[in-house]
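Keep in mind that the numbers below use all heavy atoms, side chains included, and drop hydrogens, waters and symmetry copies. These numbers were taken from a predicted model, which means no experiment stands behind them. Just so we're on the same page: letters track the sequence lines, and every chain starts at 1.
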Amino acid sequence: MRLSNFFLSTLREAPADADIVSQKLMLRAGMIKKLAAGIYNYMPMGLKSIRKIEAIIREEMNTAGAVELLMPVVQPAELWMETGRWQKYGAELMRIKDRHDRDFIVQPTSEEAITDIARAEIKSYKQLPVNFYHIQTKFRDERRPRFGLMRGREFTMKDAYSFDRDEASALKSYDIMYAAYQRIFSRLGLTFRAVAADTGSIGGSRSHEFQVIADTGEDAIAYCPDSDYAANIELAEALPLIASRGAASQTMTKTPTPGKSRCEDVAELLGIPLDRTVKSIVLAAEKVDDRGQPAGNEIWLLLLRGDHDLNEVKASKVPGLKGFRFASEGEIVEHFGCKPGYLGPIGLKKSVKIVADHTVANMADFVSGANEVDFHYTGLNWGRDLPEPNLVADIRNVIAGDPSPDGKGKLAIQRGIEVGHVFYLGTTYSAPMKATFLDETGKPQPLEMGCYGIGVTRLLGAAIEQNHDDKGIIWPDAIAPFTVVICPLGYDRNETVKSAADNLHAELMAAGIDVVLDDRGERPGVMFADWELIGVPHRVTIGDRGLKEGMVEYQHRRDEKATPVAVAEISTLLKGKLKTKQ
RNA sequence: CGGGGUGUAGCGCAGUCCGGUAGCGCGCCUGGUUUGGGACCAGGAUGUCGUAGGUUCGAAUCCUAUCACCCCGACCA
């Protein structure tokens, strides 16, 4: 491709509203252009990368036995009413009306549409298993779109849906997708990790996320360097750090701690380690009576060690805490007789349910708030100074150094960007939509489903978050908008340079390499800066000076310096480098 | 949705407090000189000052409303 036949628009300064590095670089490189909050134009340079990502996904999906189809972006509301998601989905579901005042939605995902297809088309066990997928535009009306392509409102997603006759077979389909995802992200050239994930509101029993490792990721991943354990921190089990409760050696003492409301400050004031303190978190949850009827709010006190943090996903799994919220200050004062900052389990005004984290439950001689401003208790011991907690549960986030739940070492924490998710659904959609097939005995059975997503446009952002430097993007070969750029110095005024550049360009094109020839005749600094910003991984510089010695220069985007290469050898060198990558 | 902030040329910004009819850098156009890391000289084009209303002889500037966008908190590809 000659640059004069393509379209380039780079910016020296990023628009002020760009918030993260991948968005800034993509805007500056002219790959995307913002049209509205969370909605982007994909410019030619950006679309080239997207198409490459899609091609790899397609190939691997097809290889894994999935079948491509295409479902519409706009779908009738009736389908969504059948599964109840019309009511349940909330404001993120974009609802629209047609000219006849009929309700439609702009699809955020396609379980309903595919299940509708399945119930009409799949009649016999002989048609199973089958896996349909499409690559389609999605819309989720995010309350706050941000991070460029990472959390846009409109985005492209590959979503696949498997149909099986029973759970065992469905889990096999799941494993096939899991393996396909491993291949896809490997081929994309990204560093990633598959982690066990929370099954969330959908239910289901098995779920993994594929996380692109990047310090700027929104998710935290706990993994064990000595084993294959890896889980989203939402899910990662925190084992008790204290095997059994030690004996009490101190007496309970009310100690003044003026102005020290944070555990860190209290520990420092008292000259004790942070892991001797206990922090109090007050939640409120709807109480349900014996008949399952709402019976007002119930206040809960959650106790965590001072150096630990609450895991809200785990907390919501504690029986009675589903759908909890943080208690209001009014509720706190009503039950504790004290404002937040000095709360603790002793001296309550009104009874509350107390949940101790596994580790807290085994602590002895600990420190906690006295429910009186500027005072803490030290030397607290369960059973002696206060009753045993109502419940002991895993309610904290794991931290680096915690024992791995598989018992094979210590956990480390990394941040990641979720770019893929595989999910075993069971009959969550097939049951309400009555999608059944006939088994060998002629009896109708509900289809067992799985769903599998990959965020195509998010991948673009994730790849950049993982691969960039202060000059710009550094694309993996597989998804670079161009694989090779030829930068001729003086293309517009030096015949020798021009013909050498034209020849190399023609040769690489003939070899099927995605090469771009910068035929602008720009000064070298301008060319280099542009292509380093865009992030083309391989660059060949052709100058008059080198040509006199029969040499050109090769430089990888990650190389510090250019390497001289004989004119006769440059195309062989490039073909070799690109072949080994594929 | 709650809290905070910003809208001035393609991009980045000044001007707003203290009203007098819009400016800087980059980019863009023309000519010339340059040419191995974002060149230089000379000339030039570009604005409903987010929108609507109000106050005033006069509004980018003051007032009111409204819209858009961004940042901080509850979710997911």
If you take atom types as modelled and just measure distance, does the side chain of A:R151 reach the base of B:C75 with a donor-acceptor pair under 3.5 Å? yes
What nucleotide, of B:A77, B:A74, B:C69, holds the atom closest to the side chain of A:R143? B:A74
Of the listed nucleotides B:G27, B:C76, B:A77, the one nearest the side chain of A:M157: B:A77
Taking the [atom1] atom in each of [N] and [M], what is the distance between them to the nearest angstrom?
N: B:A22; M: B:U46; atom1: C1'; result: 13 Å
N: B:G5; M: B:C63; atom1: P; result: 14 Å
N: B:G32; M: B:G47; atom1: P; result: 28 Å
N: B:U64; M: B:C71; atom1: C1'; result: 26 Å
N: B:G20; M: B:G31; atom1: P; result: 40 Å
N: B:C75; M: B:A68; atom1: P; result: 25 Å
N: B:U35; M: B:C40; atom1: P; result: 14 Å
N: B:C67; M: B:C26; atom1: C1'; result: 30 Å

Do the numbers put [X] on top of the ring of [Y], so that NZ or CZ is under 6.0 Å from the six-membered ring centre and no more than 45° off the axis?
X: A:K97; Y: A:F104; result: no
X: A:R458; Y: A:F155; result: no
X: A:R206; Y: A:F423; result: no
X: A:R95; Y: A:W86; result: yes

Find the distance [X]:[atom1] to [N]:[atom2] and express it as a whole number of Å.
X: A:Q23; N: B:C69; atom1: CD; atom2: P; result: 13 Å
X: A:R144; N: B:G5; atom1: CZ; atom2: P; result: 16 Å
X: A:L8; N: B:G27; atom1: CG; atom2: P; result: 15 Å
X: A:F139; N: B:C75; atom1: CZ; atom2: P; result: 20 Å
X: A:R415; N: B:C76; atom1: CZ; atom2: C1'; result: 14 Å
X: A:K138; N: B:C76; atom1: NZ; atom2: C1'; result: 14 Å
X: A:R153; N: B:C76; atom1: CZ; atom2: C1'; result: 16 Å
X: A:L188; N: B:A77; atom1: CG; atom2: C1'; result: 14 Å

Whether each nucleotide of nucleotides 9-16 of chain B has a protein heavy atom under 4.0 Å at its base (B), only at its sugar-phosphate (S) or at neither (-) is summarised, 5' to 3', as --SSS---
Using a cut-off of 4.0 Å between protein heavy atoms and nucleotide atoms, how would you tag nucleotides 32-37 of chain B 5' to 3' with B, S and -? --BBBB
Strictly under 6.0 Å, is that where the ring centroids of A:H208 and A:Y178 end up? yes
Is there a Watson-Crick or G-U wobble partner for [N] with both distances under 3.5 Å, and which nucleotide is it?
N: B:U35; answer: none
N: B:C13; answer: B:G23
N: B:A42; answer: B:U30
N: B:A65; answer: B:U51

Mind listing the residues from residues 66-74 of chain A sitting with a heavy atom below 4.0 Å of RNA chain B? Number order is fine. none
Under a 4.0 Å heavy-atom cutoff, the residues of residues 41-60 of chain A touching RNA chain B are none
Describe the nucleic acid contact of [X] in one word from base, sugar-phosphate, nothing, applying a heavy-atom distance below 4.0 Å.
X: A:R325; answer: nothing
X: A:E142; answer: base
X: A:D219; answer: base
X: A:K34; answer: sugar-phosphate
X: A:G152; answer: base

[X] [atom1]: over 12 foreign heavy atoms closer than 6.0 Å:
X: A:Q87; atom1: CD; result: yes
X: A:K317; atom1: NZ; result: yes
X: A:N5; atom1: CG; result: yes

Ignoring hydrogens and angles, tell me if any N or O in the side chain of [X] forms a donor-acceptor pair with the backbone of [Y] under 3.5 Å.
X: A:R557; Y: A:E532; value: yes
X: A:W475; Y: A:I534; value: yes
X: A:K52; Y: A:A480; value: yes

Give me the ring orientation class for A:F210 and A:F192: parallel if the planes are under 30° apart, tilted from 30 to 60°, perpendicular past 60°. tilted
Whichever of A:R140 and A:A37 has the more 5' nearest nucleotide on RNA chain B, that residue is A:A37
When you match A:A36 and A:E418 each to their closest nucleotide on RNA chain B, which lands nearer the 5' end? A:A36
Nearest 0.5 Å please: distance from the OG atom of A:S49 over to the CD1 atom of A:I32. 11.5 Å
Pairs involving residues 12-25 of chain A, ordered by first then second residue, that meet salt bridge (Lys or Arg N to Asp or Glu O under 4.0 Å) (sequence neighbours left out): A:D17-A:K34
Would you mind listing every salt bridge (Lys or Arg N to Asp or Glu O under 4.0 Å) that reaches into residues 60-71 of chain A, with sequence neighbours excluded? A:R58-A:E68, A:E60-A:R183, A:E60-A:R187
In short, A:Y424 meets A:M449 closest at the heavy-atom pair CD1-O, 3.6 Å
Might you point out which heavy atoms bring A:H134 and A:M71 nearest each other, and give the distance in Å? CD2-N, 3.1 Å
